[in-house]
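Notes for the one structure printed next.
Protein chains get the first letters and strands the later ones, always in sequence-line order, with residue 1 at the start of each.
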Amino acid sequence: MIDTLRHYETPEGIELKLPLAGPAVRASAWLIDILIRSAIYLIAWWILSFLGKVGRGGFLLMAFLLEWFYPVVFEAIRGATPGKKVMGLLVCQDNGTPLSWSASLLRNLLRVVDFLPFFYGFGLLSTLLNRDFKRLGDLAAGTVVVYAPDKNSEKPLPEQKPLPPPYPLDLTEQQAITNFAERSSSFSDARARELASLLAPMTQAPAEKATNTLHGYAQWLRKGG
Amino acid sequence: MQIDKISARLRLRNNWEAIDLGFSLARQWFLRLWLLWLVPATIVTALSLSLIDSVLLALVVAWWLQPLYERPLLHFLSRALFGEYPSVRRELRHYWQLVKPQLLVTILWRRFHPGRSFVEPVALLEGLKGKARSQRLSVLGLGTSGTAIWFGLLCWLFGRTLDGSQITLLYMLLPEELNLWFMENIASRLLSWQQGEDLHWLAALVWLTSTSLVAPFFIAGGFALYLSRRTRLEGWDIELAFRRMANRQQKRAANGGKAGAALALTLCLCGALLAPPAPASEYSKTPDLQADKTLAEEIAAQPEFGELETREVWRPIEKEKPKAERNWFEKLRGFFEWLEKVLPALGLFLKVVIVLLLVALIVWLIIRFTSWLDWLNLPGKGKRRKQTPPSSLFGLELGRESLPDDVAASALKLLENDHIREAISLLFRAALSHMVHHSELPISDSSTEGECLRLAERHRPASELGYFRRLTDTWLLLAYAHQPPSAEHTRELCQNWAQHYRDERSAESGSVS
């Protein structure tokens, strides 16, 4: 099964699935960061130009710090630079724990290598080749870029009287029924009926009522009887 | 299309995750996709370069016809995803059939749609045309076409990054002597598109390499976006899950027998009719709570679930704090009132401390600075301070007690006993002692004979100086070069010594004794 999840099993036997982020979305995040930094440079240049030579020196110092430590600090403290935040990304360790300062420093100082030979040429090739979309800095620091989890992922269910399923369902089956109910509004009626009729042996209901029966199951699964 | 044969996991993904899935697909089948793109592209590029005189125009034609090379990739992906892997050779044999549908519009205006890898499947896989196609696209593209366009632009940027990388890498790997040649003959000409040169092969090679590397990802990304959109709209993932559930149910029914199923059915129907819900399924079977609990405890007691550990630690018994009845504002005001009382005293104290520190600093600076002066040993300033005269210089005792009362006489006596070295030594020693103790020349104990002479030059009258210089020269020759002076010369030195030093010496010795 081809997928973009990275599986990690904790010592407690819990399997974590990290949804990995690929080069396209990361390039977009990088471009946003570049825009933000350019805006800061423009404003700083305008303000510091009133100070003559001192201002120019200050500008160079600021440029140095911003260019090298902007991603280091943001990723170590908040897990994502503003650009990554906008694109819904997060940097974490290989095992899903928050990024440590040393890892953040390592992965971001190694941008120099990824940047070679021309605007992230090596970094691009590395993310295309690597199974976890890692660039060289990620490989060295043991980090991955993932999609930040959606905080309010629970969507409302269509109103229906809760109905217990005829026999116990395992987790994936429960998820499938809830999923069906959540997304029913985005299907055409015909398609919803078609899908519901696949479960005819379970619902034992005519095609018109099968959808509602499944909605009832979903309500029961989420809220109880 | 059989959804259960799909080789990628179907789940809801956001647009970017869908594109990432496309990247994974492209990596999975990269070699075939790459060849599928490269073979027609190389043929077309080579043809256009050899047929068209202008390099720029030839490359533009090759670039323009990109949809021709991309379509077989899409076809391959749509088959490979469902478990059928057509070989590259077969795809190429049916090349014309794959490329033909809606060819003209594809290479005319649809060519410039950046998100064409997302749009193409509608024409190629669903075979829709005209109004049906645009309706379908408006449904599919809802909330997705923006990402598709941006993704197309990004892929274009990726290609140019790889272009630049190849040229730069070439430059970096060349020996330094060729750098200038490279800049003049290759880089500048590549950038200015000069015609009629062999260079166009290099340009075509670079372009083909980078674009062929990116193309599989571009097509697969767009295809995955299309797939994810259809999964969302048509619930493919749910269909797959429901089919599996139905299979499982069938097996259940076969195992449990028909009687059980019929019973369940009747019970279920009763449950639907009677409210509140009557026992209808296995869910409503009354659970044996006690048995479950003992079972859970048994399981929890197994070593895999860790063990209980009792630890004893000491903790301070905390006194009950008096409840603060004033609110935070009162507290704050109290704090400021207290501050007001304390601050003047604190200020005075700090003032005294600062003044004391300042005085200490000044004293320290004076001590430090004057000791530096001493250390610097400035010629003009040394006089100002009383220096303790050195007790010996380069191994010669200078104390007055070590000298005889009549130096000249003692020296003459030594000379007559043939002790020339001792005689000269005595004279020089006495002269130095005189200069140190009587004339108070600032001679430090680390000075050399030459430095003494230089000091004398500065401070002593010319007559005495002439004598001292002769004496010093004699002493230096004798002491270091072992060239004893003649007896005449020594005698003369002995006799003249008293002229320059005796008077004062005797006057002083009188006062001492």
Side-chain angles (χ1 to χ4, degrees), chain A residues 1-5 19-25 27-28 31 87-89 116-122 124-125 127-131 133 147 150 162-170 172-173 175-177 179-180 183-184 186-188 191-192 194-202 204 220 225, chain B residues 7-9 11-14 16-17 19-28 150-151 154-155 157-158 160-169 171-172 213 217 221 232-235 237-239 241-246 248-250 252-253 264-265 268-269 271-272 277 280-284:
Chain A
M1 276 283 156
I2 302 168
D3 203 350
T4 53
L5 296 177
L20 300 164
V25 63
S28 314
L31 285 173
M87 299 309 292
L89 300 181
L116 286 174
F118 185 79
F119 282 94
Y120 287 93
F122 287 162
L124 176 64
L125 282 183
T127 43
L128 290 181
L129 289 173
N130 185 272
R131 204 158 44 91
F133 299 126
Y147 290 93
D150 194 1
L163 199 65
Y167 58 89
L169 304 173
D170 68 18
T172 53
E173 292 172 338
Q175 281 171 339
I177 287 181
N179 219 334
F180 171 78
R183 283 161 57 192
S184 283
S186 66
F187 304 141
S188 64
R191 180 63 181 163
E194 192 187 343
L195 286 175
S197 68
L198 288 173
L199 283 186
M202 178 185 175
Q204 303 287 353
W220 192 90
Chain B
S7 55
R9 192 189 309 279
R11 61 186 171 92
L12 275 198
R13 294 181 168 84
N14 71 32
W16 289 110
E17 275 190 281
I19 288 171
D20 294 340
L21 175 71
F23 277 55
S24 286
L25 296 179
R27 194 168 43 227
Q28 187 81 13
W150 178 230
F151 171 63
L154 272 178
C155 280
L157 279 178
F158 286 167
R160 304 300 66 77
T161 298
L162 292 182
D163 281 348
S165 295
Q166 288 177 69
I167 302 285
T168 318
L169 203 59
Y171 174 74
M172 284 161 82
L213 286 178
F217 294 97
R232 186 177 287 272
L233 285 177
E234 296 166 24
D237 50 337
I238 292 174
E239 181 177 339
F242 279 8
R243 279 186 198 281
R244 285 197 192 122
M245 279 171 81
R248 187 168 161 238
Q249 164 77 354
Q250 271 170 2
R252 254 177 97 83
L265 175 63
C268 184
L269 284 176
S281 63
E282 291 173 31
Y283 273 117
S284 36

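Contacts with chain A were tallied for B/Arg11, B/Arg244, B/Arg243; B/Arg11 has the most, counting heavy-atom pairs under 4.5 Å. Ranked by heavy-atom pairs under 4.5 Å with chain B, the first of A/Asn130, A/Leu116, A/Leu31 is A/Asn130. In terms of non-hydrogen atom pairs under 4.5 Å with chain B, the most contact-rich of A/Ser188, A/Ser186, A/Pro23 is A/Pro23. Annotation: maximal heavy-atom pairing with chain A below 4.5 Å, among B/Ala26, B/Ala241, B/Ser24, B/Gly164, occurs at B/Gly164.
Residue A/Phe122 touches chain B through its side chain alone, counting heavy-atom pairs closer than 4.5 Å. Looking at A/Leu128, both its backbone and its side chain come within 4.5 Å of chain B, counting heavy atoms on both sides. Looking at A/Phe187, the atoms closer than 4.5 Å to chain B (heavy atoms on both sides) sit in the backbone and in the side chain alike. The part of B/Arg27 that comes within reach of chain A is its side chain, from C-beta onward, which places non-hydrogen atoms under 4.5 angstrom from that chain. Only the side chain of B/Met172 comes within less than 4.5 Å of a heavy atom in chain A; its backbone stays farther off. For A/Leu199, the part lying near chain B is the side chain, with the backbone staying farther off; criterion is any non-hydrogen pair under 4.5 Å. Only the side chain of B/Leu162 comes within less than 4.5 Å of a heavy atom of chain A; its backbone N, CA, C and O stay farther away. Using a 4.5 Å cut-off between heavy atoms, B/Ile19 touches chain A through its side chain atoms alone. With a threshold of 4.5 angstrom between heavy atoms, B/Phe151 approaches chain A through side-chain atoms but not through N, CA, C or O. No part of B/Ile167 comes within reach of chain A, as not one of its non-hydrogen atoms sits under 4.5 angstrom from that chain. Heavy atoms of A/Ile177 lying under 4.5 Å from chain B belong to its backbone as well as its side chain. Interface remark: A/Asp150 contributes no atoms to any contact with chain B (heavy atom separation under 4.5 Å). Only the backbone of B/Arg160 comes within contact range of chain A, with heavy atoms under 4.5 Å apart. If you measure heavy-atom distances from A/Leu124 to chain B, the contacts under 4.5 Å come from the side chain alone. Contacts between A/Thr172 and chain B at a heavy-atom distance below 4.5 Å are absent for every atom of the residue. Looking at B/Leu169, both its backbone and its side chain come within 4.5 Å of chain A, counting heavy atoms on both sides.
The closest side-chain heavy-atom distance from B/Gln166 to A/Phe118 is not below 4.5 Å. Side-chain atoms of B/Phe217 and B/Cys155, non-hydrogen and from C-beta on, never get closer than 4.5 Å to each other. Using a 4.5 Å heavy-atom threshold, the side chains of B/Met245 and A/Leu169 count as touching. Considering only heavy atoms from C-beta on, B/Glu239 comes within 4.5 Å of A/Arg191 through its side chain.
B/Trp16 approaches A/Ala24 most closely through the heavy-atom pair CZ3-CB, 3.8 Å. Here the closest non-hydrogen pair linking A/Pro19 and B/Glu17 is CB-OE2, 3.6 Å.
A distance of 8.5 Å separates CG in A/Leu89 from OG in A/Ser28, rounded to the nearest 0.5 Å.
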Please walk me through it: do B/Asp20 and A/Leu20 pass side chain to side chain contact (heavy atoms under 4.5 Å, CB included)? CA-CA 8 Å; B/Asp20 294 340; A/Leu20 300 164; over 6 Å; no

Dump the intermediate steps for side chain to side chain contact (heavy atoms under 4.5 Å, CB included) on A/Thr4 and A/Phe133, then the final yes or no. CA-CA 9 Å; A/Thr4 53; A/Phe133 299 126; 4.1 Å; yes

Between B/Arg13 and A/Asp3, does a side chain to side chain contact (heavy atoms under 4.5 Å, CB included) hold up when you go through it step by step? CA-CA 11 Å; B/Arg13 294 181 168 84; A/Asp3 203 350; 2.6 Å; yes

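With sequence neighbours left out, B/Asp237 forms a side-chain hydrogen bond (donor to acceptor under 3.5 Å, both in side chains) with A/Arg183.
Taking the centre of each ring, B/Phe242 and A/Phe180 come in below the 6.0 Å mark.
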